[in-house]
2 protein chains.
Amino acid sequence: MTANTNGTDGAASTPRQRILEAAVDLFHREGYYATSLRQLADAVGLQVGSLYNHIDSKEALLGDIMRTVLVELIEETEREMAAAGERPVARVRAFLRTSIRFHAERRKETFIGNTELRGLDDANRREIVALRDRYELMLREALEAGVTAGELEIPDVQLATLAALAICTNVAVWYRPDGRLSLEEVQELLPRTFGPLCPVLPPLTATNER
Amino acid sequence: MTANTNGTDGAASTPRQRILEAAVDLFHREGYYATSLRQLADAVGLQVGSLYNHIDSKEALLGDIMRTVLVELIEETEREMAAAGERPVARVRAFLRTSIRFHAERRKETFIGNTELRGLDDANRREIVALRDRYELMLREALEAGVTAGELEIPDVQLATLAALAICTNVAVWYRPDGRLSLEEVQELLPRTFGPLCPVLPPLTATNER
DNA sequence: ATCCTAGGCGAACGCCCGTTCACGGACGTG
DNA sequence: CACGTCCGTGAACGGGCGTTCGCCTAGGAT
């Protein structure tokens, strides 16, 4: 156990944080396997051996990045869905809005999280997959509740879950902060391409939608 | 120029075909960078040096795989859209059905095509990106035609294009031949999660839909 | 003033990588 | 039977990889 317990961000930039940031950048641009620890060391201005004062291994570094971003995604989504109230449609929309924003704002980390699963060993992979399943479940349950409440009409809830997640996840691939559409516009327009939401869009009263 | 010109499949299994098939398998399961030519040689029962009687380089092998699958995807889609007739909605649905089927049946190759772009050098990458842009354009033009014809109501055509492609591309990630739903069911149900198609589903007359 | 420790340095380790090449056998063609 | 071509063999190449380690110094605690 070398690496210290420095989690995300405290106050300034600890060496560990600078390493994590540079790793996110490199893993996103070049890919995990194509990135060497020597490149990473260069990027933070260290010798390659010194990295090991802050990380346990290259693979643990990838695991930490993926775990952190997934945990934060889940936490933010739980918060937003809770704030959206009880109505399933409002909860689904909160999920989608949060997902779109998160995948846009944290596109490097989320992209890594969706691409580099194969770089993890069994223990890490199982953990990440479990987190991802939990995230997927949050949407599926909201959709199911919508069907049960008669607010949504969905031929197959599992398929709808996969479709919605694909749309949101893909934001990390194409979104650019200086792109044609602002983040607010994307958050407003993109969910309209999700079928189950379309026919139900009008009946949602303004009081339940924040 | 070593490698012979053997394209896809002639009659039986030439060494080159066996190499391509094994490479698809390994690149899909382990990733391009994580796959070594020694693994590949083992998989086809050759020594590593012998591979070079059939390929130019590891990277050219990846490029060939990606190019082939994209070209076939475009050709099949063009054929199906042409067979669907002139009405934009029918053409959009043909695109989606073909895309879903192709990404299900060729999920290994298409997965590689969507994940390993970074493994290509500039020349190969430009070519692949150009093919992908062409594919995307086929859908966008059909959607635009639908809007112009008043058959589709789409707030932002580019966003809708990205969303639809994300849904279809993602099929390669989760589809299993022995899964809960048959390919026919997925082809029928998944497009219904694509918003713009929903309200317009009934008015399509039976004569124009094959 | 002394000690302790965190952490950077830089060399080294063993390993595996993609690629090359001289060699030799198999085999269809004249 | 001789010849040329195809192609598999197996060793070798240089280089980059992740990781380890002994050394040294700076700075806070006592």
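This structure is a prediction, so every number in the text was calculated from the model and none was measured.
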Does [X] have a side-chain nitrogen or oxygen under 4.0 Å from the phosphate oxygens OP1 or OP2 of [N]?
| X | N | result |
| --- | --- | --- |
| A:Asn53 | C:dA6 | no |
| A:Ser36 | D:dG16 | no |
| A:His54 | C:dG8 | yes |

Side chain to side chain, B:Val44 and B:Pro15, heavy atoms closer than 4.5 Å: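 Of all side-chain heavy-atom pairs linking B:Pro15 with B:Val44, none is under 4.5 Å.
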Between atom [atom1] in [X] and atom [atom2] in [N], what is the gap in whole Å?
| X | N | atom1 | atom2 | answer |
| --- | --- | --- | --- | --- |
| B:Tyr33 | C:dG18 | OH | C1' | 12 Å |
| A:Lys58 | D:dG16 | NZ | C1' | 11 Å |
| B:Leu37 | C:dC15 | CG | P | 21 Å |
| B:Tyr32 | C:dC17 | OH | P | 13 Å |
| A:Leu61 | D:dT19 | CG | P | 10 Å |
| B:Leu46 | C:dT20 | CG | P | 17 Å |
| A:Arg18 | C:dG8 | CZ | P | 8 Å |
| B:Tyr52 | D:dA11 | OH | C1' | 16 Å |

Which atom of A:Ser99 lies closest to which atom of A:Tyr135, heavy atoms considered: OG-OH, 2.9 Å
Pair A:Glu141 + A:Arg134: basic N to acidic O under 4.0 Å: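 Salt bridge between A:Glu141 and A:Arg134, a charged N being under 4.0 Å from a carboxylate O: no.
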Closest to the B:Gln47 side chain, choosing from D:dT19, D:dG10, C:dT19: D:dG10
A:Ser50 side-chain proximity, nearest of D:dT9, C:dC9, C:dT19: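 Among the listed nucleotides, the one closest to the side chain of A:Ser50 is C:dC9.
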Pair A:Gln158-B:Arg180, side-chain donor/acceptor within less than 3.5 Å: no
5' priority, DNA chain D, between A:Arg38 and B:Gly45 [closest heavy atom]: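 Of the two residues, B:Gly45 wins.
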Cationic tip of B:Lys58 above B:Tyr32 ring, under 6.0 Å, 45° of axis: yes
